[in-house]
Every structure is written in C-alpha cells, then in structure tokens.
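Start at 1 and go down the list; that is how both ligands and their atoms are numbered.
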Amino acid sequence: MRALPLALFSILTLVSASSKRNYGENNYYVIEHDDQHVSLAAVSRALGVEVVDRAGELPNHWLVRAPKVSGELGARSEEGDRVLDAYARLRARSQNSARSARGDNEARTGAAIKYISRQTLRQRAKRAPPPIRQPKPSEDARAVALRLGINDPLFDKQWHLLNDEQPEHSMNVIPVWEMGYTGKGVITSLVDDGLDYTSDDLKDNFDADDSYDFNDHEALPTPKLREDTHGTRCAGQVAAGKNNACGVGIAYNSKVAGVRILSGEISDVDEAAALNYGFQNVSIYSCSWGPPDNGAVMEGPDYLIKKAVLHGINEGRGGKGSVFVFASGNGAASGDQCNFDGYTNSIYSVTVSAVDHKGLRPYYSEACTANMVAAYSSGSGKSITTTDKGTNKCASTHGGTSAAAPNAAGVFALALEARPDLTWRDIQHLCVENARMINEADGDWESVAGGRMYSSKFGYGALDALRYVQAARNWNLVKPQARLPTRTVQIEGGTMNPVGKYAGGQFIGGGGATSVLSVNWDMLQDANFEQLEHIVVRVWIDHSRRGDVEVELTSPGGVKSVLAEKRKSDNANTGYPGWTFMSVKHWGEDMIGDWTIRVSDQGSADHNGTFLGWNMVFWGSVIDTSKAVLYEVSHEDPVLPPHEEPQPLPPTTATNTKTHPKPTSYLSIEETTSTAAAPATTSAQVDETTSANVDAAEATVAQSLPTPSKEPSQISLIIHALQRKLVVGIILVVLASLVGGIILWRMHSRASPYIALSGEGNVPMSDAHSRPLADGDESDDDADERTGLRGDSYQHRGFHSGFLDDEEEHEYPPSAGRVSPSYRNERAGLEGRRSPS
Ligand SMILES: *[C@@H]1O[C@H](CO)[C@@H](O)[C@H](O)[C@H]1NC(C)=O
Ligand SMILES: *[C@@H]1O[C@H](CO)[C@@H](O)[C@H](O)[C@H]1NC(C)=O
C-alpha cells in the first residue's frame, strides 16, 4: 500500500505548498487518511474538498479546503459545515454497514478518514526583552577577544559570554571555543517572528533551505513587521558570526534557520508543520513563546501539534530526535507557573528558566517542576546584547526567558558538534547531570536523587557550556525510552463525562485530599522499566476557583514536587479536566513504593471543590533494549470513566470496536504504545482510560461523539468503530438468552457515553517518507491566496518577554539621536510588569 498514495498523489490537482491560505474564502481541514480503504482522491470527492498540501511532515495527514458558501459563517460556525456534515454521513454509513458491506463505497470512504478537524487561526506570541545599564568596558573581555581573534565590537558587552563583574555567572562558552567547538555543522531553527538573513552578523550562518514563513507562506522568513525583531535577536545569540558586526553567538560557526509563525495568526496545521520544518537537517528548535503568561490560563498544544512534536522526537534528526527548547515563561510576577503551559511541561521540551548576571532569579522567570535548567538572561539591571534586525544593527535590551532558551540552544549546538549522536534524551540527561547550582541560599533547593539538588526556579541549575560539552564528549548514550502508566484512581466515585461534567469525588476541605498509587518491582519488570526520568501526573479536580488549588506529589523517597501552587489571577471555575502536570524532579529516583498526591485549596468560604481522580505515567529507560518501543500520541479524551470490573465476555466481543474521541484544547500529551511491539502489561498497570480492552457494551454507547464543550471552533471527529453495529448484533444474537439482559442493563445504567481508548491512532513508524510534492504543482488561481487575518476569536500565545523597562538599541556605529522603537508586548499580560530590582 505504500506506493499507492504517492501514485494517486501525482494525479491529484494540488494547490501549491507555498500558496498562501485564504481563510476568508475557504474553510481548511486536516484529514488523516487511511489508505487501506479508498484513495485520497475519492475521499476528497466525497467530502467536496480539494487537497492543498501534506500536513507538514505528518504521514498520511493532508490539508484540504472547501470554498465557503455564502451564508456560512465560516470559522465560527460548526453547525452547518458542509464538509463535516458530509463526513458525519459517511461515518454513520460506515458504522451502519459494518463488515458485511465491503462493497459499499460510502462506508469505505468513511472508514478511510481516521481524523478530521477544521483549522482555525490563532496567534502565537513571543516571550522576550528587558533593561540595561552601560557596562564598563572590560580589559579582560578584550584580551580574550584578541586571543580568539574576536573583533566583534560589542563582545565586551556580552556578559553572558564573559562576565567580568561576576565571572562565575556566564554561559562559560569561551573554554569550549578554545577546545575547538563552535557549532560547525549544527543547525538551529528559530521558530519565531522571522530572521533577518540580510544582517551582516547572520547572513553567513543563515540556512535558507530550512527556513520558511508560515505567516505569509513564503520561502524566506523576512521579518516584515516593525516589531519583528525577536527571532533575529534570538538567532544572534546562537549563531551571530565572528565578524565585525555586533557580538558573537554561542555557536558562532553553526547555522540558523528561521521559521516564522509569530507575526500573525496561524492554524494548528501550520504550527505543526513549523515544528517539523527541515527536521532531518535541523537539530534544535528554539521556541521562545507559548500561551499567555498572565497566570490565568491553562493551555497546551492541540492534537496535531503534539503529534508533530512526537514525530520530530521519533523521526527527526535521523531518529535521534529533534531537540525542542522552550522558554519557561515570563509570568512569575503574575503568579504564572510553567506547569500550566502544555508546551513547557511536555516531556519532549527542554524547559529553560532565566538567571541574571548576578546569579539571581529574575522577577519574571516562571517556576515549576518542568524546569530543567536555567540560562543567563536579563535582570538586575543588565540585558542580553545580540544582533538586531537591520544590516548592521545590534540589540542591547534583549532578555526574558525568551533569551534564556536560545542561550541553552547555543550550548546544545556546541555539544552536538562534539557528539552528533546524542539523542534528545541524552541532551536532557546531560542537563540534569551537569547543571551548576546557583543562588544557593534560595530556599527552594531540595536534595534529590543522585546527590543532585533541584529547584523549581532553576531546575537542576545553570547550564554551563564547559561542563556540558566535556560531559557530552565522554557520554554513554542512554538506553531507549520506557513508559509505565499507572491505573487511574477514581476517588469516591469521581467521574467526568465527555462534556466536562464532574460527578462524585472527595471534598477538598480544610485538610486537603490525598491519594496513593503504589509501584512494585513486578510492575517495573513487566513494563521493561529500569531508570526513572520524567513523571506525568494527570488530575481531575472540580473547583469553583482554579487558582486556589494546590497540588503536590511526594515520592516513596520523600521528594516533593509542587505541581500547582495557588495562582492569584486564575479565577477559572472549570477545574482541572484531566490536565497533566510534569515533573523532572524525580529523575533517577527509586520508584518502588507509595506515591502520594495531595490536593488542597485555600479553605475559603466562597470557593471549594472536589478531587475526583488521577493517574501517573512514569517515563525512563528500558531494561531490555531489544524490547523497546516507540510511543505515539493517541487520541485521548479527558473523561474520567466510571470504574469497571473486568467483564467476562466471549472473545467475539473483543474486536476492534474502538472509538477515538476528539482531542480537546485542554489535553496534554498522552501516549500509547505503538501497536506492533507493545510490551506485555498487567491489567493493574494499564490506565483504564487508555486501555484497548473495550467491552462491547461500552462500544455500543460510544456511538455518539460528544460535542466539544470548550473550544467549539476545534471540531475534531475521529472515526474508528466501523464494525460496531455488527459486533453489537453478534453479541445480541450469541448472548441474548444468557447475558443480553445484563448487557442492556449495563448500557442503560451508563447514561453518558464514556469512551474507552485504544492505540489505534498510532501512526505506522515506517511511514515517514519525505514530502512527495512536486514543486510544479502550483495552480494559478491559488498562488495569490492571501493570509486571512480576520479571525475574531483566535487565541493568543503570550510573548515570553514582557517587562522592557529601559528599552534601548544600539546601532553600530551608533547614529545620533535615533529614537528606539519600543518593543511591543501587549499580549503577554502586562499587568505583571514591573522593574527589575
Ligand atoms: C539536508 O542534508 C542533506 C545531506 O546532509 C542534503 O542532501 C539536503 O539537501 C539537506 N536538505 C536541506 C533541506 O537542507
Ligand atoms: C461550596 O461553596 C458553595 C458556594 O460557593 C456553597 O454553597 C457550598 O455550601 C460549599 N460547600 C461546602 C461543603 O462548604
């Protein structure tokens, strides 16, 4: 079947990959096509859409479009969407006709669409810059510059490279340069607002092949808007050349690509494509942006984006994995924490917080147990000096966690020159083991496994290039990844149905609510699990004020991860509908014993809530490398289903009657084993909500997919249960006289359509072919499609900037009397803005 889609592809009339989108005139959808049934062309015909392009690098995912018809309210209206209606008909058809109707074309077409979602536009925004004072010219800096032949005029202002006042506080890269590592052969992609490839400082290190503008759908990431300086500044930190312009980058002989997504609204499919752009040649994706840092939102990447991230992890860099670096966020002053951001709390991100030139935590830098390391950035009166947009222009006011992330990316580029074989997990292990403790008096440091210290503000400490690269040179690659999901604990009958309605659960009250999950030796053996790395904790908590809730997890060894602290700005009354937190604090710990979660609130008279359920996924390394499996994102629903006793049903009922519920905006990444080589797991280990062990009764009630309650613009319908009706028929015939009544009673007693999940959303790992699009496929009428920016309900991604006090720029040579443009940052929640101390 592999060759089939490619062959079909060539006869399709395709809209060019490079054509701009026109959201004003078209609706866009992403479909996941199962080519075992019917061709993509037939699917397109049946849905009344035309294929635009592949959906980034995701295998079998296609971007399609249909013109809006007059009267259709476009992106807002999901009722009356012709394409989704057509899809619903096909799907109903495929369910009704079941196995017998092999000849039914509509049924097979319905079965060929594994997933469809309409694309909506949203704005991602940056996380960037702060304040400066004129640094004193430094004789030492000049001496080093001379020895290394660095003539860059602003090098002596780059305290993050060489700090004369506090020599211990720098990225410590100069000794690595002296070892001969400068990033040669490594490409870092700045996923941002563009990259000024005409800059004298960047033009020699610019990688055009791996650059793209997803805002304007053009080949080059030209920073067109006045405020499009962020990506260029970040790029300068990584790879500004050793030349006569501004300063130097940490990996000044490495290459940088620019992928532009922050200068306007984009849809999930484009964000997904951006995070995989050039993913064979690009090693590092540096991301200094995310959901708003206002301390009021709890948001993560949607399904397609999570899928792209995992695709990069599993397939990127020749299978060694893309290195995703994320800024932890600038919302600390607003009470924000990086565990409320699904990008920074993904296990696939190296999350980087900020530390200033004095080794202090800047007021903006967010804490949480997803922080892995800290890197130097603005604070205590000094900022980061780097390249700016313009031919020979420099910035001296760069900062925020936005500037911390590229400093970390630069260090990883140095390490990957020394050791190109490091996997994405080796990069993380090296962070954990080689970061340097700073600000030791801070009370947040806690002694953790392996004699290390951990702080939710700085992670394992400040990233030190010399220590990192030296360790990398002698590093033994880690064994493949292992996964151990626990069962889901339901507390006092706690449930949440697909529309987010909670029932049952334990009242949190004054003393808080606690619950325990135990891990024993057998569970580790069964899961082929050797050494702990990340822990993902999923919770269902109903509360009338989310910001009051605090969640902490304590390990058998007594190490405590504070997963949620109270958030003063968070007044949401939607609770935690299956939200996932992440902790790297337990890295290397002994897992055996009791893991205790404690949920508490502020005991206020006005607000209260209940704790309904939770589970954990332990991630680490395998015992037996030969039994390792790759994980894929599954369609995961946040329901907390009623606890079920295993049901003695005949084998005929254990068929593939599975339904993937639609993804929702509040999902965090959940993975399931790939189908082929899943390790044996005991029922005790398998999370009930992800179990593929669907009983027939459950399948019958899973017919109607719920409508999304939270984000109506993100319609996502997932098909699977084509044989459901037949299965039900068989069950009824075979069992009618014996257990039919019992089954019917159970169906009836489960009024809400709880959905059991399976691993069927898995992408075949073999299917990662490169994009087959011929460049000549562009059709004339599409080349001029314009990006529609009219969306009126898009969501914002917050800048990780946010507090530029004395904004200032340097031109070199300086021109007199120029007024600096102020760095626009209105999306970051500026209510938390204040001056650094
Ligand atoms: C990626 O690298 C390979 C070989 O290193 C090269 O042939 C190919 O052209 C590169 N692709 C891009 C997009 O740079
Ligand atoms: C919880 O809060 C609501 C109002 O916010 C109140 O009516 C109710 O009595 C409270 N429940 C308890 C058990 O305190």
Side-chain angles (χ1 to χ4, degrees), residues 291-292 294-300 331 334-337 339-341 368 488-517 537-554 560-581 594-616 637-643 664-668 689 706-712 749-752 754 795 829 831-832:
N294 57 15
V297 303
M298 180 172 84
E299 198 187 314
S334 310
D336 207 4
Q337 299 150 38
N339 242 326
F340 289 82
D341 170 345
C368 82
T488 299
V489 179
Q490 285 178 270
I491 298 165
E492 297 187 6
T495 62
M496 191 191 82
N497 75 8
V499 294
K501 192 163 164 29
Y502 301 100
Q506 181 184 352
F507 188 73
I508 293 169
T514 59
S515 175
V516 174
L517 269 168
V537 180
R538 191 159 198 222
V539 296
W540 288 263
I541 299 167
D542 182 16
H543 206 277
S544 58
R545 189 178 186 279
R546 190 171 60 203
D548 283 1
V549 177
E550 301 186 307
V551 182
E552 43 183 63
L553 176 75
T554 306
K560 187 165 82 183
S561 278
V562 176
L563 302 175
E565 283 187 281
K566 75 173 178 180
R567 296 204 304 167
K568 64 187 182 193
S569 310
D570 185 355
N571 293 311
N573 63 4
T574 46
Y576 295 82
W579 179 255
T580 56
F581 294 112
D594 289 347
W595 292 82
T596 306
I597 193 170
R598 179 164 183 276
V599 177
S600 56
D601 60 18
Q602 309 304 308
S604 113
D606 299 332
H607 293 290
N608 56 46
T610 52
F611 180 27
L612 300 104
W614 69 298
N615 63 37
M616 287 193 282
D637 197 81
V639 294
L640 180 63
H643 180 69
T664 70
S665 61
Y666 39 81
L667 285 183
S668 283
T689 65
T707 47
S709 60
K710 231 191 130 170
E711 198 181 353
S749 67
R750 269 182 230 147
S752 9
Y754 294 107
Q795 299 172 16
E831 68 271 27

If you look at every heavy atom in S515 and F611, which pair is closest and at what distance?
->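 Result for this residue pair: CB-CE2, 4.1 Å.
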So which heavy atom on F340 is nearest to which on F581, and how close?
-> CZ-CE2, 4.3 Å
Tell me, do Y576 and V599 make a side-chain contact under 4.5 Å, heavy atoms counted?
->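 SC-SC contact between Y576 and V599 ruled out.
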Does atom 9 (O) of ligand 2 have any protein heavy atom closer than 4.0 Å?
-> no
Establish whether atom 2 (O) of ligand 2 and some protein heavy atom are separated by less than 4.0 angstrom.
->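 Yes, because at least one protein heavy atom sits under 4.0 Å from atom 2 (O) of ligand 2.
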Option nearest atom 14 (O) of ligand 2 (shortest heavy-atom distance, choices N608, N573, D606, I508) =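 Heavy atom nearest to atom 14 (O) of ligand 2 belongs to N608.
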To the nearest 0.5 angstrom, please state how far the CD atom of E552 sits from the CD atom of E565.
->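 Interatomic distance, E552 CD to E565 CD, rounded to 0.5 Å: 9.5 Å.
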